[in-house]
Enquirer: 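Structure in structure tokens, see below.
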Amino acid sequence: MKQQTKAIHSAFRHPDAYGSIAMPVYHTAAYQFPDAASMVESFSGRSGEPDYSRVTNPTVTYFEERVAALTGAESVVAYTSGMAAISNFFFAVSSKGRNIVTSPHMFGNTFDLISRTLERFGVGVKVVDLTDIDAVEKAVDEHTCCIFLEIVTNPQLEVADLRALGKITRRWGIPLAADTTFIPFTEFDAEALGVDFQLVSSTKYLSGGATCLGGLNIDYGHFPDVTKSLKTELLFNLGAYMTPHAAYMQTLGLENLDARYRLQAANSLELARRLETVPQIKKVGYIGLESNPFHQLAQSQFGPSGGAMITIDLESEQKCYDFLNSLRLILRATNLFDNKSLAIHPYSTIFVNFTPEQKAAMDVLPTTIRLSVGLEDVDDIFEDIVQALG
Ligand SMILES: *Cc1c(COP(=O)(O)O)cnc(C)c1O
């Protein structure tokens with residue numbers, strides 16, 4: 001089956017008693033067994049039958065299997081949020097005395113997790129420019145447990161060369177872990193680019209309508225010890241497994257992800273082109289624009305579409321607040337890749353707990369507005385931006 005067909009048609013493990021064509025929501029904590037032997041089979045993980053919903057649930061399993069079918073992953077685990085997927089991965093891969101090689105450009109909470117929370121457990125971080133392969137070569141050492149990056153950072157919109165980074169991680173025998181939230185995993189073959197683990201905030205593109213939080217670890221099975229820690233240790237001990245209702249909502253989102261993404265990416269390209277002609281906008285950031293320095297690399301890695309996030313730089317911080325306050329259609333909100341267009345001033349919100357010096361080091365500027373482009377008619381989105389600037 002082709003991708004889009006797989007996204008719609010995946011068989012249930014067990015036929016539904018009523019022939020339901022949507023996967024039922026199994027809102028239960030525990031499961032009954034016919035006999036003691038099948039309990040042993042389940043608790044030892046051999047039968048794959050659920051025993052307790054902190055670690056497995058039929059509705060969540062169904063969602064995970066669909067994602068696995070679409071990505072060719074060996075296994076997929078769904079979590080309560082993107083941060084849960086990311087933190088579980090770091091707890092699996094790192095230990096005291098080891099270090100994570102990563103970029104200063106990333107989602108604020110992930111950076112805080114690495115530089116503050118993991119630091120308390122004795123895990124080090126080496127912050128390096130991941131677009132400078134020589135610098136990465138120098139940063140990795142025998143204590144490095146992984147290279148971690150976001151495939152397109154935001155709000156900086158930086159793209160690193162995954163194939164080149166993958167060569168380094170393979171030489172050291174460590175995983176390349178990528179937060180791929182920014183471009184749907186249905187758009188490109190992450191494993192072929194050298195990625196060993198994809199971490200996704202499924203809150204964003206998958207959920208679409210901002211209906212629920214979710215996270216995914218898409219695991220290509222190259223590091224069995226890490227997989228084992230994730231599935232037989234951390235799922236049990238950290239308790240961050242996705243809830244059945246969220247899995248149901250996100251399965252619905254997965255079915256129309258491709259159609260939504262195409263429209264959002266087309267809207268974004270058209271909007272970015274038009275915004276380049278607006279005099280109050282000093283700079284338009286969008287990887288789908290040929291003028292963007294990462295355009296070619298992004299296309300070679302992620303395909304022809306450039307995602308649905310645009311940044312615009314205005315004259316001053318005050319102009320950013322005036323702009324936000326004048327919006328009539330675009331919502332002032334922090335989500336990304338929602339069906340509705342959203343705008344935020346990252347400097348004063350997502351990065352509010354970082355000092356001005358830290359923000360400068362992360363290239364988070366006080367003059368940047370982040371736009372997440374939705375499914376509205378592009379004429380209306382553009383008109384709202386123009387009137388808000390006026
Ligand atoms: C939103 C986001 C996260 C965190 O995901 P949650 O589902 O909000 O926990 C991580 N990485 C990126 C790139 C994100 O945009």
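Hydrogens, waters and symmetry mates are skipped; everything else that's a heavy atom, side chains included, is used. For clarity, every value in this text was computed on a predicted model and none was experimentally measured. In each ligand, atom 1 is the first atom listed, and ligand 1 is the first ligand listed.
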Enquirer: Who's closest to atom 9 (O) of ligand 1 heavy-atom-wise, of Lys204, Met309, Met83, Glu150?
Expert: Met83
Enquirer: Which of the numbered atoms in ligand 1 are under 4.0 angstrom from any heavy atom belonging to Ile86?
Expert: 10 (C)
Enquirer: Give the residue and atom name of whichever protein heavy atom lies nearest to atom 4 (C) of ligand 1, and the separation in Å to one decimal.
Expert: Phe107 CE2, 3.4 Å
Enquirer: Just which atoms of ligand 1 are under 4.0 Å from any heavy atom in Asp179?
Expert: 10 (C), 11 (N), 12 (C), 13 (C)
Enquirer: Does NZ or CZ of Lys96 fall inside the cone over Phe121's six-membered ring, less than 6.0 Å from its centre and within 45° of the axis?
Expert: no
Enquirer: So is Lys204 actually on top of Phe107's ring, under 6.0 Å and inside 45° of the axis?
Expert: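 Pair Lys204/Phe107 counts as cation-pi.
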Enquirer: Please determine if Arg54 forms a cation-pi arrangement with Tyr241, meaning its NZ or CZ atom is less than 6.0 Å from the six-membered ring centre and no more than 45° off the ring axis.
Expert: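 Because its charged atom misses either the 6.0 Å distance or the 45° angle limit, Arg54 does not stack over Tyr241.
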Enquirer: Considering all heavy atoms of both residues, which atom of Phe90 and which atom of Cys146 are nearest to each other, and what is their separation?
Expert: CE2-SG, 4.1 Å
Enquirer: What protein heavy atom is closest to atom 6 (P) of ligand 1, reported as residue, atom name and distance in Å?
Expert: Gly82 N, 3.4 Å
Enquirer: Quick check on contacts: which atoms of ligand 1 are under 4.0 angstrom from a heavy atom of Leu336?
Expert: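 So the atoms of ligand 1 that pass are 15 (O).
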Enquirer: For Gly214, state whether at least one heavy atom is located under 4.0 Å from any atom of ligand 1.
Expert: yes
Enquirer: Are any of the N/O atoms on Thr203, whether in the backbone or the side chain, positioned under 3.5 angstrom from an N/O atom of ligand 1?
Expert: yes
Enquirer: Give a yes or no on whether the backbone of Glu255 and the side-chain of Gln4 come within a donor-acceptor separation of less than 3.5 Å.
Expert: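 The answer is yes, because a donor-acceptor pair under 3.5 Å joins these two groups.
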Enquirer: Counting only pairs under 3.5 Å, give me each side-chain donor-acceptor contact of residues 321-337, with atom names and distances, residues two or more places apart or in other chains.
Expert:
residue : atom : partner : partner atom : Å
Tyr321  : OH   : Glu317  : OE2          : 2.6
Asp322  : OD1  : Gln318  : NE2          : 3.0
Asn325  : ND2  : Tyr321  : O            : 3.2
Ser326  : OG   : Asp322  : O            : 2.7
Arg332  : NH1  : Leu324  : O            : 2.7
Asn335  : ND2  : Asp338  : OD2          : 3.2

Enquirer: Between Leu213 and ligand 1, is there a nitrogen or oxygen pair with a distance under 3.5 Å?
Expert: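 Between Leu213 and ligand 1, no N or O pair is found under 3.5 Å apart.
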Enquirer: Describe, in one word, how the ring planes of Tyr205 and Tyr261 are oriented to each other, choosing from parallel (under 30°), tilted (30 to 60°) and perpendicular (over 60°).
Expert: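 Tyr205 vs Tyr261 ring planes: perpendicular.
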Enquirer: What is the nearest protein non-hydrogen atom to atom 5 (O) of ligand 1, stated with its residue, atom name and distance?
Expert: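 The closest heavy atom on the protein side is Ser201 OG, 3.0 Å.
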